Amino acid sequence: MGAILSTGEETWEVKVMGNLPKNNSWTNIAIRWEKLKFTDQASYEAAKLENNDDISMLGGLQLFLNLEMIGHSLLPEEKDCTCTKDTCEPDDQDSFECKKQTTAQEPLTQSTMMLGCHKTKDDPTLRDFA
């Protein structure tokens, strides 16, 4: 089971292995994304300390089964970038060459959560059912 979330600029993914309960009872599945509460190593350490070393409280994508968190992705997927100049500034995108290229698209007219299928603004047909 897993979830993928795109903010338009970053992609987050969380996956877990295991079986769903098969005891003929209701099973709740939920995902939650929260913006990161840190921007660099120093603010990460401070936020971690503030939250008693519980990194699940620092943001990211979380997957729940029956109100229990079973998966957490703290950071978005890496773009696998390499510095192309002698010195690189993190905010200067022209200083980097990235193997994973993404193009931000316009969001769907209404925020949409899809379970087991996919659609985009350019192709609103539900497809790729799991």
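Predicted, not measured: the structure shown is a model, and the values here were computed from it.
Distance check, rounded to the nearest 0.5 Å: CD of Glu10 to CG of Leu36 gives 7.0 Å. The CG atom of Leu63 sits 5.5 Å away from the CE atom of Met1 when rounded to the nearest 0.5 Å.
Across every non-hydrogen atom of Val14 and His72, the tightest pair is CG2-N, 3.5 Å. Scanning both residues, Leu65 and Ile70, for their nearest heavy atoms gives CB-CD1, 3.7 Å.
Here the side chain of Gln62 pairs a donor or acceptor atom with the backbone of Ser56 at under 3.5 angstrom.
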Problem set entry | From CA spacing to verdict: salt bridge (Lys or Arg N to Asp or Glu O under 4.0 Å), Arg32, Glu34 | CA-CA 7 Å; Arg32 176 172 58 192; Glu34 185 177 8; 5.6 Å; no
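Following chains of ILVMFWY side-chain contacts shorter than 4.5 Å, one can reach Leu75 starting from Leu58, so the two form part of one hydrophobic cluster.
The neighbour count for Met57 CE, taken as heavy atoms of other residues, nucleotides or ligands under 6.0 Å away, does not exceed 12.
Here the rule is side chain to side chain contact (heavy atoms under 4.5 Å, CB included) with Trp12, and of Ile31, Ile4, Leu61 only Leu61 fits it.
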